2 protein chains.
Amino acid sequence: MVSTGVASADMTAARTPTGTAPTRGRRPGRSIGDDRETAILATAERLLGQRAFGDISIDDLARGAGISRPTFYFYFPSKDAVLLALLDRVTEEANAAAGDVLDRLAEDPRARWRELIARFHATFGGHRAVVLACAQVRGTNAEVRRLWAEVLERWVRAVEAAIESERRRGAAPDGLPARDLAIALNSMNERVWYATFAGDGPAVAERDVVDVLLDVWLTAIYRTTAPPARPVSRPG
Amino acid sequence: MVSTGVASADMTAARTPTGTAPTRGRRPGRSIGDDRETAILATAERLLGQRAFGDISIDDLARGAGISRPTFYFYFPSKDAVLLALLDRVTEEANAAAGDVLDRLAEDPRARWRELIARFHATFGGHRAVVLACAQVRGTNAEVRRLWAEVLERWVRAVEAAIESERRRGAAPDGLPARDLAIALNSMNERVWYATFAGDGPAVAERDVVDVLLDVWLTAIYRTTAPPARPVSRPG
DNA sequence: GAGGCCAGTCAACACGCCGTCGAGTGCGCT
DNA sequence: AGCGCACTCGACGGCGTGTTGACTGGCCTC
């Protein structure tokens, strides 16, 4: 019943209400607004490293970017929109980092799964302030929740397909529906990383977290921590 | 740097600043204040079923309990303290529901682990509004975060001990440090339940969630979904 | 080169919620 | 009769938010 209503992907674009490309056409190069916008983004990521998202006011963001509070609204419709833009950059980076490792599982399953988890770990760890802030406001902000659900769905589908592929080639046994398994494993990673980066409550040491997650993934998918690289020849 | 400072377990007790038992001594039975207090709690849990915690004002809580806003502060120091009291009741119920199943694992490991997970599921599902609200504000409220970390630590320790016990009796193979494994599995459950109850993003169907979690637990701990009830006789 | 449009800017306002203060009321005990 | 305490609330000050309306200066058109 919170009702977000309209709000769509253009939440980050306050200016140029026309559907055309922003700030392009008349002025070929960068307008002054681009500088301000990136300044706000930079200020936000810097401030997030120092205090919680809720303790950062719009005035802080504006002052940090060298503008007044009303001017902030010229660039972003709300504080949350800034975080959304930051999250967008991180998830894109994560997607790029993941690459096509899942297509090359048969080469060496254990090594490839580890590569996947390690790359996500590196990406999130490199922007932990943003990731933590998003996890914190996901509860209160429908837009962040929606965007996160979208990227998670994408990763779940990729893992689901990979599990099914491994089952088809005989490397992984049948069992849980691949989608359910993919959801459970992705969920585990998310929560474990959060605890590790946040450092509150029971957490796995940052040094060990990739191998711990990998172990659970492998046993859940293959029932062993040493899955075969080539199809097993079934007797009969 | 948010600095909670003093804040301790007495966050829920605003009245009777003396260290003695609250409202006891002069009046033997229940004072009118007890009614108000439970009315606030009941209003909070009811309202949480309708809208998010952040969209509930202290005035809403007060009006719902038939008192004015300032009077609310006589009973609770803040809105968060109400949620904390609610969470306290739920975790106590969960602890009670868990009982001693972990001490009876050897009888029938699969059945006992399933019982444990199913009981937690039932408890959380019965108070999903409270659980969801806590997950949402854990990011912004240090007290909720601390309390949740405490109860999680307790469960992690219990599971860790159970895993080590299963390894000692030869039912479970060695592998990851038991504590890391316990953290990963508990984290998974928390996040998966959250998604299932919240219904946003990729989630396991509520009907299946216990069996999905169970499967991952068993494979991670035993490398099989059918762990032995009695010690295996090792060759040699 | 006069006119206008438009990106960009901010002082000032209205709103909502929060936490507190100080002034009450009525009951029970002395 | 009178003190004390559980309990109550009107009213205030503060903070952060989002909006309004007016202002500047560059560039483009006629």
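In what follows, chains are A, B, ... by sequence order, proteins preceding strands, each numbered from 1. These values consider heavy atoms only, across backbone and side chains, with no hydrogens, waters or symmetry-generated copies. Keep in mind that what you see is a predicted model, and the values were worked out from it rather than measured.
With sequence neighbours left out, Ala44(A) forms a side chain to side chain contact (heavy atoms under 4.5 Å, CB included) with Leu61(A), Val82(A), Leu86(A). Under the rule for a side-chain hydrogen bond (donor to acceptor under 3.5 Å, both in side chains), the partners of Asp60(B) that lie at least two apart in sequence or sit in another chain are Arg51(B), Ser57(B). Under the rule for a side-chain hydrogen bond (donor to acceptor under 3.5 Å, both in side chains), the partners of Asn189(B) that lie at least two apart in sequence or sit in another chain are Trp217(B). When the salt bridge (Lys or Arg N to Asp or Glu O under 4.0 Å) test is applied to Glu206(A), the partners found at least two apart in sequence or on another chain are Arg128(A). A search for side-chain hydrogen bond (donor to acceptor under 3.5 Å, both in side chains) contacts involving Glu150(A) returns Arg146(A), not counting sequence neighbours.
Contact annotation: Thr71(A) side-chain N/O to dC10(C) OP1/OP2 distance is under 4.0 Å.
Under the 3.5 Å distance criterion, with hydrogens and angles disregarded, no donor-acceptor pair is assigned to the side chains of Asp200(B) and Trp148(A).
Rounded to an integer number of Å, the gap from CG of Asp55(A) to C1' of dC15(D) is 13 Å. Separating the CZ atom of Arg63(B) from the C1' atom of dC9(D) is a distance of 10 Å, rounded to the nearest angstrom. Rounded to whole angstrom, the span from the CZ atom of Phe76(B) across to the C1' atom of dC7(D) amounts to 15 Å. Look at CD1 on Ile56(A): it is 19 Å from P on dC15(D), rounded to the nearest Å. The interatomic distance linking Leu61(A) (CG) with dG16(D) (C1') rounds to 13 Å, in whole Å. One atom, CG of Asp59(A), and another, C1' of dA12(C), lie 14 Å apart when rounded to the nearest Å. When the C1' atom of dT9(C) is taken as reference, atom CD of Glu37(A) falls 16 Å away, rounded to whole Å. The separation between Asp60(A) atom CG and dC15(D) atom P is 13 Å, rounded to whole Å.
Side-chain proximity of Ser68(A) to the nucleotides dC18(C), dC10(C), dC9(D) is greatest for dC10(C). Listed nucleotides dG16(D), dC18(C), dT9(C) differ in distance to Tyr75(A); the shortest reach to its side chain belongs to dT9(C). The side chain of Phe74(A) lies closest to dG8(C) when the candidates are dT8(D), dG8(C), dT17(D).
Across all non-hydrogen atoms, the minimal contact from Val216(A) to Ala184(B) is CG2-CB, 4.4 Å.
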Enumerate all atom pairs, one protein N or O and one N or O from nucleotides 18-21 of chain D, separated by less than 3.5 Å.
unit_1: dG18(D); atom_1: OP2; unit_2: Tyr73(A); atom_2: OH; d: 2.8
unit_1: dG18(D); atom_1: N7; unit_2: Arg69(A); atom_2: NH1; d: 2.7
unit_1: dG18(D); atom_1: O6; unit_2: Arg69(A); atom_2: NH2; d: 2.3

